[in-house]
Amino acid sequence: LLTNHSGVGAVSKAVCDQVYDYIMERLRAYYLDRSSGLDVTTEMFDSVLSNRPPSPLDFDARLRAVERFLKLDAAGSLASANKRIANILRKAEVQPARIVNIELLRAPAEQRLHGELERLRPLVEPLLEQRNYAEALQRLAQLREPVDAFFEKVRVNDDDPKVRENRLKLLNEIRSATRAVADFSKIQD
């Protein structure tokens, strides 16, 4: 809680949320008017806003990273995959935990995807902590081919409930990794 200058009383979370929302709407106008020099769409803005970045400076860093990322060849494929993953997870009966059981990864494509994610995680997490969102997204762009192969060769809704839940966990990990910067499922193909 925030206190006023005299130290008496506190500002409620609702008021803080209202101030945050007001600032974000002013930023929306700024970015969409192209005053920032960036080529920002409403979807890009909303994808970053969905994470409720802690400050306008952090918001700007994320938005700049998203704008840069969307110029990459891998961006369209990963944005589409994120939409698909979001839809699959939304329809899943159970919201999976984050830990994948390696022993249940049966298909080569899911093994490869998990391996790539595990290889990238120690490279991406420090970048996120440093707020180097552009570089983090550059690294995550390497998931394009394994994600595409996964969706081409793996049936998520396997008959074995343990395998199905494990595949949902893997998809949840992919979504969490990319969503650390922005919710790419909000961006149009």
Side-chain angles (χ1 to χ4, degrees), residues 1-5 9-92 95-96 98 117 120-121 123-144 147-148 151 168 171-189:
L1 296 173
L2 302 172
T3 59
N4 64 19
H5 293 290
V11 178
S12 72
K13 181 178 175 348
V15 171
C16 289
D17 287 345
Q18 289 174 348
V19 170
Y20 183 91
D21 292 342
Y22 175 81
I23 291 169
M24 289 299 128
E25 285 309 308
R26 300 294 65 80
L27 282 176
R28 179 186 302 274
Y30 171 75
Y31 286 111
L32 295 179
D33 281 349
R34 310 278 193 260
S35 301
S36 65
L38 299 176
D39 188 19
V40 175
T41 65
T42 300
E43 292 86 9
M44 291 165 60
F45 188 93
D46 290 342
S47 75
V48 173
L49 184 58
S50 69
N51 282 6
R52 294 193 64 88
S55 71
L57 184 61
D58 187 65
F59 184 92
D60 182 74
R62 289 170 187 260
L63 191 59
R64 287 177 185 279
V66 167
E67 190 226 13
R68 190 168 143 195
F69 173 74
L70 290 175
K71 293 176 182 173
L72 300 176
D73 290 338
S77 178
L78 283 176
S80 294
N82 266 286
K83 282 184 186 176
R84 188 171 181 184
I85 290 169
N87 288 335
I88 289 169
L89 292 174
R90 189 173 21 258
K91 292 176 185 176
Q95 285 300 318
R98 189 170 176 211
L117 183 60
L120 290 171
R121 191 183 316 272
L123 302 173
V124 171
E125 287 177 353
L127 294 170
L128 293 172
E129 289 171 12
Q130 298 163 7
R131 295 183 179 172
N132 187 346
Y133 302 120
E135 184 63 28
L137 289 175
Q138 280 281 118
R139 300 281 175 124
L140 289 171
Q142 296 173 35
L143 290 173
R144 174 191 181 181
V147 166
D148 289 347
F151 281 121
L168 290 171
L171 292 178
N172 194 45
E173 283 194 11
I174 300 297
R175 180 150 165 77
S176 294
T178 56
R179 190 164 178 162
V181 176
D183 183 355
F184 287 95
S185 69
K186 294 186 178 295
I187 296 175
Q188 298 296 320
D189 297 337

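Sequential numbering from 1 along the given sequence is applied to the chain's residues. Predicted model, so just to flag it, every value in this text is computed and none were measured.
Annotation: side chain of L120 is in contact with side chain of L143 (closest heavy-atom distance under 4.5 Å). Using a 4.5 Å heavy-atom cutoff, the side chains of M44 and Y31 are not in contact. Contact of the V48 side chain with the P53 side chain is registered, since non-hydrogen atoms from C-beta on lie closer than 4.5 Å. Two residues are said to be in side-chain contact when any heavy atoms from C-beta on lie closer than 4.5 Å; V181 and F69 fail this criterion. By the 4.5 Å heavy-atom criterion applied to side chains, R28 and L49 are counted as neighbours. Side-chain contact between K83 and I187: absent, with no pair of heavy atoms (C-beta onward) separated by less than 4.5 Å. With contacts defined as side-chain heavy-atom distances shorter than 4.5 Å, the pair Y133/L63 does not qualify. Side-chain contact between F184 and L137 is present, with at least one heavy-atom pair separated by less than 4.5 Å.
Distance check: L168 CG to I88 CD1 gives 7.5 Å after rounding to the nearest 0.5 Å. We find the CG-CD distance between D183 and E43 to be 12.0 Å, quoted to the nearest 0.5 Å. In this structure, L78 CG and D73 CG are separated by 11.5 Å, a value rounded to the nearest 0.5 Å. Taken to the nearest 0.5 Å, the CG atom of L57 stands 7.0 Å off from the CZ atom of R131. The line from OG of S77 to CG of L72 is 12.0 Å long, rounded to the nearest 0.5 Å. Here the straight-line distance linking atom CZ of R179 with atom CG of N172 works out to 10.5 Å at 0.5 Å rounding.
Between R64 and E67, none of the side-chain N atoms (NZ, or NE/NH1/NH2) sits under 4.0 Å from a carboxylate O, so this pair counts as no salt bridge. With salt bridges taken as basic N to acidic carboxylate O contacts below 4.0 Å, one links R52 and D21.
Across all non-hydrogen atoms, the minimal contact from A65 to A134 is CB-N, 3.3 Å.
For N51, there are no side chain to side chain donor-acceptor pair (under 3.5 Å) partners, not counting sequence neighbours. Applying the side chain to side chain donor-acceptor pair (under 3.5 Å) rule to R26 yields no partners; only residues at least two apart in sequence or on another chain are considered.
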- Task: Test R90 against N87 for side chain to side chain donor-acceptor pair (under 3.5 Å), laying out the working first.
- Result: CA-CA 5 Å; R90 189 173 21 258; N87 288 335; 2.4 Å; yes

- May I have the step-by-step check of ring-ring contact (aromatic ring centres under 6.0 Å, His included) for F45 and Y30, ending in yes or no? CA-CA 11 Å; F45 188 93; Y30 171 75; over 10 Å; no

- Query: Given the rule in the side-chain contact (heavy atoms from CB on, under 4.5 Å) test, do L171 and R84 qualify, once you have shown the distances and angles that lead to the verdict?
  - Reply: CA-CA 10 Å; L171 292 178; R84 188 171 181 184; over 6 Å; no

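In this structure a side-chain-to-backbone donor-acceptor pair under 3.5 Å is missing from R139 to R121. S176 contributes no side-chain N or O that, together with a main-chain N or O of E173, makes up a donor-acceptor pair within less than 3.5 Å.
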